[in-house]
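We number each residue from 1, following the sequence as shown.
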Amino acid sequence: QLQVVESGGGLVQPGGSLRLSCVGSGITLQHYAIGWFRRAPGKSREEVTCISASGEKTNYADFAQGRFTVSKDNAKNTVYLQMNSLKPEDTGVYYCAADRILTDESGGFLCPSFYDYWGQGTQVTVSS
């Protein structure tokens with residue numbers, strides 16, 4: 001199947017860290033911009049960060065800036081989300097999504113407004 005698959009979620013104490021992975025299956029992530037989203041209980045989905053197909057350009061939500069880092073290893077067909085200094089409000093299901101890129105992404109980078117593939121999500125729980 002053509003999909004992306006997240007992993008790495010779990011239970012962590014406040015102030016702790018987790019690294020999430022997003023692996024392409026049947027698709028080559030070299031050709032896709034990747035977004036990370038999360039959905040907290042009782043809240044709407046929000047975008048955490050996104051990264052260009054090349055891995056050279058990124059954008060972060062305010063709550064993620066300085067704490068979260070997205071990176072792309074096209075050789076491993078994997079995107080990572082390193083989350084440090086986690087807070088209870090970071091609890092939720094985290095999703096990665098892939099957007100097929102048809103241009104060279106020159107002239108700047110904005111998070112895609114549409115994604116072709118969505119992962120199943122991985123649960124992140126930050127609690128004492």
Side-chain angles (χ1 to χ4, degrees):
Q1 293 187 356
L2 305 179
Q3 61 183 1
V4 287
V5 181
E6 308 95 335
S7 63
L11 175 64
V12 64
Q13 294 183 340
S17 298
L18 285 173
R19 188 177 74 161
L20 307 183
S21 298
C22 174
V23 180
S25 179
I27 61 175
T28 301
L29 297 190
Q30 177 184 5
H31 306 302
Y32 292 81
I34 302 296
W36 283 97
F37 297 80
R38 71 184 188 186
R39 188 186 299 275
K43 299 183 66 176
S44 61
R45 184 187 66 202
E46 60 183 346
E47 191 156 32
V48 178
T49 182
C50 64
I51 188 167
S52 64
S54 68
E56 296 177 353
K57 301 175 181 179
T58 60
N59 291 296
Y60 294 91
D62 287 343
F63 65 80
Q65 187 72 48
R67 297 191 298 128
F68 295 1
T69 303
V70 63
S71 60
K72 201 165 193 274
D73 188 342
N74 284 329
K76 296 182 178 180
N77 211 33
T78 301
V79 174
Y80 303 98
L81 180 62
Q82 179 68 46
M83 304 188 294
N84 300 325
S85 302
L86 284 163
K87 306 173 182 178
E89 52 262 44
D90 294 319
T91 294
V93 178
Y94 283 69
Y95 304 85
C96 69
D99 175 36
R100 174 77 178 190
I101 297 300
L102 302 178
T103 69
D104 62 3
E105 299 180 307
S106 62
F109 176 70
L110 298 174
C111 290
S113 57
F114 176 84
Y115 290 90
D116 299 300
Y117 302 99
W118 288 83
Q120 83 290 347
T122 185
Q123 176 70 45
V124 172
T125 303
V126 185
S127 176
S128 299

Would you say Glu6 and Trp36 make side-chain contact, with heavy atoms under 4.5 Å?
yes

On a heavy-atom basis, which atom in Ala33 and which in Ile101 lie closest, and how many Å separate them?
N-CG1, 3.5 Å

Can a donor-acceptor pair be found, under 3.5 Å and without considering hydrogens, that links the side chain of Arg67 to the backbone of Ser85?
yes

Check for me, please, whether Leu81 and Tyr117 land in the same ILVMFWY cluster - side-chain distances under 4.5 Å, paths through other members count.
yes

Within one Ile-Leu-Val-Met-Phe-Trp-Tyr cluster: Phe68 and Val70, side-chain cutoff 4.5 Å:
yes

Glu89 side chain near Phe63 side chain, heavy-atom distance below 4.5 Å:
no

Can you find a heavy atom in the side chain of Val124 that is under 4.5 Å from one in the side chain of Met83?
yes

Are Thr69 and Tyr60 close enough, and set up right, to give a side chain to side chain contact (heavy atoms under 4.5 Å, CB included), and what steps lead you there?
CA-CA 9 Å; Thr69 303; Tyr60 294 91; 3.9 Å; yes

Donor-acceptor pair, Thr49 side chain versus Asn59 backbone, under 3.5 Å?
yes

So, Asn74 side chain and Ala53 main chain: donor-acceptor pair closer than 3.5 Å or not?
yes

To check you understand the geometry: which heavy-atom pair defines the closest contact between Gly121 and Val93, and what is its length?
CA-CG1, 3.8 Å

Same cluster (ILVMFWY, side-chain, under 4.5 Å), Leu20 and Val23:
no

Keeping the roles fixed (side chain from Asp116, backbone from Arg100), state whether a donor-acceptor pair exists under 3.5 Å.
yes

One should read off an interatomic distance between Ser7 OG and Arg19 CZ, to the nearest 0.5 angstrom, of 9.0 Å

If only atom types and distance count, is the side chain of Thr91 paired as donor or acceptor with the main-chain N or O of Val126 below 3.5 Å?
yes

To the nearest 0.5 angstrom, please state how far the CG atom of Asp99 sits from the SG atom of Cys111.
10.5 Å

If hydrophobic clusters are built by linking Ile, Leu, Val, Met, Phe, Trp and Tyr wherever their side-chain heavy atoms come under 4.5 Å apart, do Tyr115 and Val48 end up in the same one?
no

Taking C-beta and beyond as the side chain, do Thr58 and Phe109 meet within less than 4.5 Å on heavy atoms?
no

Asn77 side chain vs Ile27 backbone, donor-acceptor pair below 3.5 Å:
yes

Val4 side chain reached by Leu29 side chain, heavy atoms, under 4.5 Å
yes

Just wondering, do Tyr32 and Ile51 contact through their side chains at under 4.5 Å, heavy atoms?
no

Residues Asp90, Arg38; criterion side chain to side chain contact (heavy atoms under 4.5 Å, CB included); working and verdict:
CA-CA 9 Å; Asp90 294 319; Arg38 71 184 188 186; 2.8 Å; yes

Going only through I, L, V, M, F, W and Y residues with side-chain contacts under 4.5 Å, is there a path from Tyr80 to Tyr95?
no

Over 12 non-hydrogen atoms of neighbours within 6.0 angstrom of NZ in Lys57
yes

With a 4.5 Å cut-off on side-chain heavy atoms, are Gln1 and Ser25 touching?
no

Are the side chains of Lys72 and Val79 in touch, meaning some heavy atoms are under 4.5 Å apart?
yes

Verify side chain to side chain donor-acceptor pair (under 3.5 Å) between Ser127 and Thr125, making sure each step is shown before the conclusion.
CA-CA 6 Å; Ser127 176; Thr125 303; over 6 Å; no

